Asks: 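Quick one: the structure is below, and I'll ask about it shortly.
These figures come from a predicted structure and were not determined experimentally.
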Amino acid sequence: MAEDLNVEKWDLELEANGRDHHTADLCRERLVVRRGQYFRLTLHFQGRSYEASVDRLTFSVSTGPAPSQEAGTKARFPLSDAVEEGAWTASVLDQQDSELSLQLIAPAHAPIGLYRLSMEASTGYQGSSFLLGNFTLLFNPWCPADAVYLDSEEERQEYVLAQQGFVYQGSAKYIHGIPWNFGQFEDEILDTCLKLLDINPKYLKNSGRDCSRRSSPVYVGRVVSAMVNCNDDQGVLLGRWDNNYADGVSPMFWIGSVDILRRWKNYGFQKVKYGQCWVFAAVACTVLRCLGIPTRVVTNYNSAHDSNSNLLIEYFRNEFGEFEGNKSEMIWNFHCWVESWMTRPDLQPGYEGWQALDPTPQEKSEGTYCCGPVPVRAIKEGDLSTKYDAPFVFAEVNADVVEWIRQEDGSMHKSINNSMMVGQKISTKSVGRDQREDITHNYKYPEGSPEEREAFRKANNLNKLAAKEETGVAMRIRVARSMKMGSDFDVFAHITNNTAENHACRLLLCARTVSSNGTLGPVCSSKNLLDLSLEPHSENSISLPILYENYCDYLTESNLIKVRGLLIEPAADTYLLAERDIYLENPEIKIRILGEPKKNRKLVAEVSLQNPLAEPLEGCTVTVEGAGLTETQKTVDIPDPVEAGQEVKVRVDLLPVQVGLHKLVVNFDSNKLKAVKGYRNVIIGPP
């Protein structure tokens, strides 16, 4: 009888598996592989070699606290040459003397998460078992059988592997991209993402069912959408929009997700203060990319928050055009969410592909503050019965806006506002380039097209189907070419009278600071022309000067000023509104890289910025981070004061640990000049 098979040691082949599974950055000290793809394992025997005719090797895998074969969270499978589709299998790759090379594969629909791997070796009736260790299983966009399969390698590089990118802010007329360090493969991030799944309320209620459902990216996406905000659970971020951030970090200050997720983990999974829409979306993007789901951050300009699903945002204003009452329904200057790529076996065919997920806490969905996933295609078609939360997302890009002016006597008058179009310039970062891609066409048919009207009919968006009122008098707000932070500038109400009559009007112009969600600050400039005469077939341009001394103390960190014009013609009882959001450009941050950019060789980043204001700056700090360039976020304090016009320079040490293209992301902050962003691409060569 053959002597017992004695396993001396085993090798989980971290380097080879990390390379093959696109998890090299995660596989330095542990095994991280993707489902639906073979991974390697080498066994070393002592005494005698493995003999297929007498020895039996059986493997066991399990995930979660209560694994079961019925739930798909446990499997037992022998070493065999027979490959069974859709099942865990193990087969021989090679045998050299006492060394046996094996390949194992998880089915492409296996639940993701942390697994235990053990093996039983038996000869005849004798046997012994070995705990080979733990491994983490991720979704696999490279596997055609996986629900997240993406067939373009360029897109997989961007939406799964890229650790840096851009998030778009500003206004529809001045789109501003800020660099962001997603850092999904940085130290501790994968563990933090798995912990996020393990403390979600569905897991706490029924861990076995939750772990089983982690096979579905639809389910995981919905859990992540809920867990990035902390409104119902031990989620990551607390939202705040009132400009009072003294007991936390201003949302504009963040330059990456890594610092946020590490803070959450290090403080015992207590909520991190504070986030706004782009922070929620960027952190969700990090978590979903880390787990293997292709994801991108998108920004929608003039985004509607429709809380009662009637696809209508009604604004009530007083006779001066100012808002009355508390507004739960608003138009946000911009709003960010994420799209994730997956199949939708729970829906009709044609709804696979990009799905919108919104982690910003706005409205409850099935009792929880989360939103999506909903197919972007369903939004375009006006198919509002589609899971999940189609009416809310449809309204974000399509709601109609009706403006009412309340006169002194209490009577209500409808005003015409052709400047407020909801759902414009929907933006995301281009694949493989540091440029913006406009994806509005994925959400909406061309304006006025038969397809658009059909989508509105299907969505019962009756207001949009009504004919627009045309007037012979039109007004829009025009601005100078670029408006720099710290400068004085003029804006103009441009009024055209296309009729053959004279119109006696009153014009009210007003400029107020505004935050990204549409909340207005104090007035920083206004003009009231009681008797404006519009000659037949004429054009008029009326200027409104906006001075730094009037906006400097009230500008929020989004750098936005809303200019509003209200043109009243008393004789005809007509009201014409025009609005425009103005983004003030921050000064440029310049970054030089000193030294030879090679792996494991020290580099220095020299960061410089000129104070553009006519007054000194105090409390200046420079913060840098960049996946592959520096392990932790670094902050440098600059001595007070930085005088008007003065250039400041700081140097920050870097230690690149990964070969390839990386972005160094920089944030400059001070008492008067806040959250100025910059970045520099750095190509790191081999040592």
Asks: Taking the side chain as everything from C-beta on, heavy atoms only, tell me whether T299 gets closer than 4.5 Å to W278.
Replies: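 No, their side chains stay 4.5 Å or more apart.
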
Asks: Looking at K271, I'd like to know if its NZ atom is crowded, meaning that more than 12 non-hydrogen atoms belonging to other residues, nucleotides or ligands lie closer than 6.0 Å.
Replies: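 Not more than 12 within 6.0 Å, no.
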
Asks: Would you find a donor on one side and an acceptor on the other, under 3.5 Å apart, between the side chain of H109 and the backbone of G36?
Replies: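 No; judged by distance alone, with no hydrogens or angles, the pair does not exist.
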
Asks: State which residues pass side-chain contact (heavy atoms from CB on, under 4.5 Å) with S122; sequence neighbours excluded, sorted by chain then number.
Replies: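 Partners of S122 under the side-chain contact (heavy atoms from CB on, under 4.5 Å) test: R56.
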
Asks: Verify whether one side chain among Y159 and R296 offers a donor that lies under 3.5 Å from an acceptor in the other.
Replies: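 Yes, a side-chain donor-acceptor pair sits under 3.5 Å.
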
Asks: Got a donor-acceptor contact below 3.5 angstrom from the D191 side chain to the E188 backbone?
Replies: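 A pair under 3.5 Å: no.
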
Asks: Mind checking the CE-CG spacing from M227 to L196? Nearest 0.5 Å is all I need.
Replies: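 One gets 4.5 Å once the value is rounded to the nearest 0.5 Å.
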
Asks: Would you say that more than 12 heavy atoms from the other residues, nucleotides or ligands in this model lie under 6.0 Å from the CZ of R263, or not?
Replies: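 More than 12 heavy atoms, drawn from other residues, nucleotides or ligands, come within 6.0 Å of this atom.
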
Asks: So V272 and W254, side chain to side chain contact (heavy atoms under 4.5 Å, CB included) or not? Walk me through it.
Replies: CA-CA 11 Å; V272 177; W254 305 113; 3.7 Å; yes

Asks: Quick check: do V218 and K387 have side-chain heavy atoms less than 4.5 Å from each other?
Replies: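 The answer is no; the side chains never approach within 4.5 Å.
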
Asks: Is the count of non-hydrogen atoms from other residues, nucleotides or ligands lying under 6.0 Å from E153 atom CD greater than 12?
Replies: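 Yes, the 6.0 Å shell around CD holds more than 12 heavy atoms from other groups.
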
Asks: Considering non-hydrogen atoms only, spot the tightest contact between L194 and G113 and give its length.
Replies: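 What the structure gives for the nearest pair is CD2-CA, 4.1 Å.
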
Asks: Rounded at 0.5 Å granularity, tell me how far CG in N17 sits from CG in L26.
Replies: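 It comes to 13.0 Å.
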
Asks: Inspect the contact between R34 and D146 and indicate whether a charged nitrogen and a carboxylate oxygen are less than 4.0 angstrom apart.
Replies: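 Judged by the 4.0 Å cut-off on N to carboxylate O distance, D146 and R34 do not form a salt bridge.
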
Asks: Looking only at heavy atoms, which two atoms of A90 and L104 are closest? And how far apart?
Replies: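 Closest approach of A90 to L104: CB-CG, 3.9 Å.
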
Asks: Main chain of V431, side chain of E437: is a donor-acceptor contact present, judged purely on distance under 3.5 Å?
Replies: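 Checked: no pair found.
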
Asks: Applying side chain to side chain contact (heavy atoms under 4.5 Å, CB included) to E186 and L261, what does each step give before you reach the verdict?
Replies: CA-CA 11 Å; E186 291 287 88; L261 289 166; over 6 Å; no

Asks: Closer than 3.5 angstrom, by distance alone: can the side chain of Q184 be matched with the main-chain N or O of V160 as a donor-acceptor pair?
Replies: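 Answer holds: yes.
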
Asks: Do I255 and V666 come within less than 4.5 Å of each other through their side chains, counting heavy atoms only?
Replies: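 SC-SC contact between I255 and V666 ruled out.
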
Asks: Take atom CD in E15; do more than 12 heavy atoms of anything else shown fall under 6.0 Å from it?
Replies: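 Check fails, neighbour count at 12 or below.
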
Asks: With side chains defined as the heavy atoms from C-beta onward, is the minimum distance between I112 and L197 less than 4.5 Å?
Replies: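 Yes, close enough: below the 4.5 Å cut-off.
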
Asks: Treating R344 as the side-chain partner and Y351 as the backbone partner, does any N or O pair qualify as donor plus acceptor under 3.5 Å?
Replies: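 Checking the backbone N and O of Y351 against the side chain of R344, no donor-acceptor pair under 3.5 Å is found.
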
Asks: Applying side chain to side chain contact (heavy atoms under 4.5 Å, CB included), run through V283 and L237 and close with a yes or a no.
Replies: CA-CA 9 Å; V283 170; L237 277 159; 4.0 Å; yes

Asks: Is the closest side-chain heavy-atom distance between T428 and E339 below 4.5 Å?
Replies: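 No. Closest side-chain heavy atoms not under 4.5 Å.
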
Asks: Tell me whether the NZ or CZ atom of R156 lies within the 45° cone about the ring axis of W341 and under 6.0 Å from its centre.
Replies: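 Not satisfied by the 6.0 Å and 45° rule.
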
Asks: Using a strict threshold of under 4.0 Å (side-chain N to carboxylate O), is an ion pair present between K634 and D653?
Replies: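 A salt bridge is absent here (no side-chain N lies under 4.0 Å from a carboxylate O).
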
Asks: For a quick check under 3.5 Å, do T42 and E13 share a side-chain donor-acceptor pair by atom type?
Replies: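 On atom types as modelled, these side chains qualify, holding a pair under 3.5 Å.
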
Asks: List, one per line, each side-chain donor-acceptor pair under 3.5 Å for residues 57-72, sequence neighbours excluded.
Replies:
| unit_1 | atom_1 | unit_2 | atom_2 | d |
| --- | --- | --- | --- | --- |
| T63 | OG1 | L114 | O | 2.8 |
| S68 | OG | A71 | N | 3.1 |

Asks: Got more than 12 heavy atoms from elsewhere within 6.0 Å of CD1, I199?
Replies: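 Counting other residues, nucleotides and ligands, CD1 of I199 exceeds 12 neighbours.
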
Asks: So, R35 side chain and A110 main chain: donor-acceptor pair closer than 3.5 Å or not?
Replies: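 Yes, because the side chain of R35 sits within donor-acceptor range (under 3.5 Å) of the backbone of A110.
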
Asks: If you measure from CG on L102 to CG on L79, what distance do you get to the nearest 0.5 Å?
Replies: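 Rounded to the nearest 0.5 Å, the CG-CG separation comes out at 5.5 Å.
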
Asks: Side-chain contact test, heavy atoms from C-beta onward, threshold under 4.5 Å: evaluate it for R40 versus D20 and give yes or no.
Replies: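 A side-chain contact under 4.5 Å exists here.
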
Asks: Calculate, to the nearest 0.5 Å, the distance between atoms OG and NZ belonging to S212 and K74 respectively.
Replies: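 So the OG of S212 and the NZ of K74 are separated by 14.5 Å.
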
Asks: Would you indicate whether the side-chain heavy atoms of L629 and I684 approach each other to under 4.5 Å?
Replies: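 The answer is yes; the side chains approach within 4.5 Å.
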
Asks: So, using salt bridge (charged side-chain N to carboxylate O under 4.0 Å, His left out) as the criterion, who are the partners of R214 when residues are at least two apart?
Replies: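 Scan of R214 (salt bridge (charged side-chain N to carboxylate O under 4.0 Å, His left out), adjacent residues dropped) gives D198, D210.
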
Asks: Can T123 and R48 be counted as having a side-chain donor-acceptor contact under 3.5 angstrom?
Replies: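 Yes, because at least one side-chain N or O of T123 sits under 3.5 Å from a partner of the opposite role on R48.
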
Asks: For T623, is there any backbone N or O sitting under 3.5 Å from a side-chain donor or acceptor partner on N667?
Replies: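 A pair under 3.5 Å: no.
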
Asks: So does Q435 get a backbone contact from the side chain of S430, meaning a donor-acceptor N/O pair under 3.5 Å?
Replies: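 A pair under 3.5 Å: yes.
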
Asks: Decide yes or no on side chain to side chain contact (heavy atoms under 4.5 Å, CB included) for V33 and T23, but give the supporting numbers first.
Replies: CA-CA 7 Å; V33 293; T23 54; 5.5 Å; no

Asks: Search all heavy atoms of C371 against all heavy atoms of D389 and return the closest pair with its distance.
Replies: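 Of all heavy-atom pairs spanning C371 and D389, the closest is CA-OD2, 3.3 Å.
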
Asks: Taking all heavy atoms of P656 and all of L603, pick out the closest pair and write down the distance.
Replies: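 Shortest heavy-atom separation between P656 and L603 comes out as CG-CD1, 3.8 Å.
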
Asks: Please check if any side-chain donor atom of S257 sits under 3.5 Å from a side-chain acceptor atom of W180, or the reverse.
Replies: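 Result is yes, a qualifying pair exists.
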
Asks: Search all heavy atoms of P294 against all heavy atoms of G292 and return the closest pair with its distance.
Replies: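 In terms of heavy atoms, the two residues are closest at CD-O, 3.5 Å.
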
Asks: If you measure from CH2 on W354 to CD1 on I439, what distance do you get to the nearest 0.5 Å?
Replies: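 Here the rounded value is 8.5 Å.
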
Asks: Do side-chain atoms of K202 reach the backbone of N206 as a donor and acceptor pair under 3.5 angstrom?
Replies: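 No, K202 side chain to N206 backbone: no donor-acceptor pair under 3.5 Å.
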
Asks: Heavy atoms, side chains only, cut-off 4.5 Å: are F166 and P179 in contact?
Replies: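 The answer is yes, as the side chains (C-beta and beyond) meet within the 4.5 Å cut-off.
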
Asks: Determine the minimum heavy-atom distance between P686 and V659, stating which atoms define it.
Replies: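 Closest approach of P686 to V659: CA-CG2, 3.9 Å.
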
Asks: Which value, rounded to the nearest 0.5 Å, describes the distance between L117 atom CG and F39 atom CZ?
Replies: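 Result: 6.0 Å between the selected atoms.
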
Asks: Measure the acute angle between the ring planes of W264 and F269, then classify it against the limits of 30° and 60° as parallel, tilted or perpendicular.
Replies: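 The arrangement is perpendicular - the two ring planes meet at more than 60°.
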
Asks: With no hydrogens and no angle check, is any side-chain donor or acceptor of T295 less than 3.5 Å from a backbone partner on I293?
Replies: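 Yes, because the side chain of T295 sits within donor-acceptor range (under 3.5 Å) of the backbone of I293.
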
Asks: Check whether more than 12 heavy atoms from other residues, nucleotides or ligands sit under 6.0 Å from atom CD of E8, and answer yes or no.
Replies: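 Yes, the 6.0 Å shell around CD holds more than 12 heavy atoms from other groups.
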
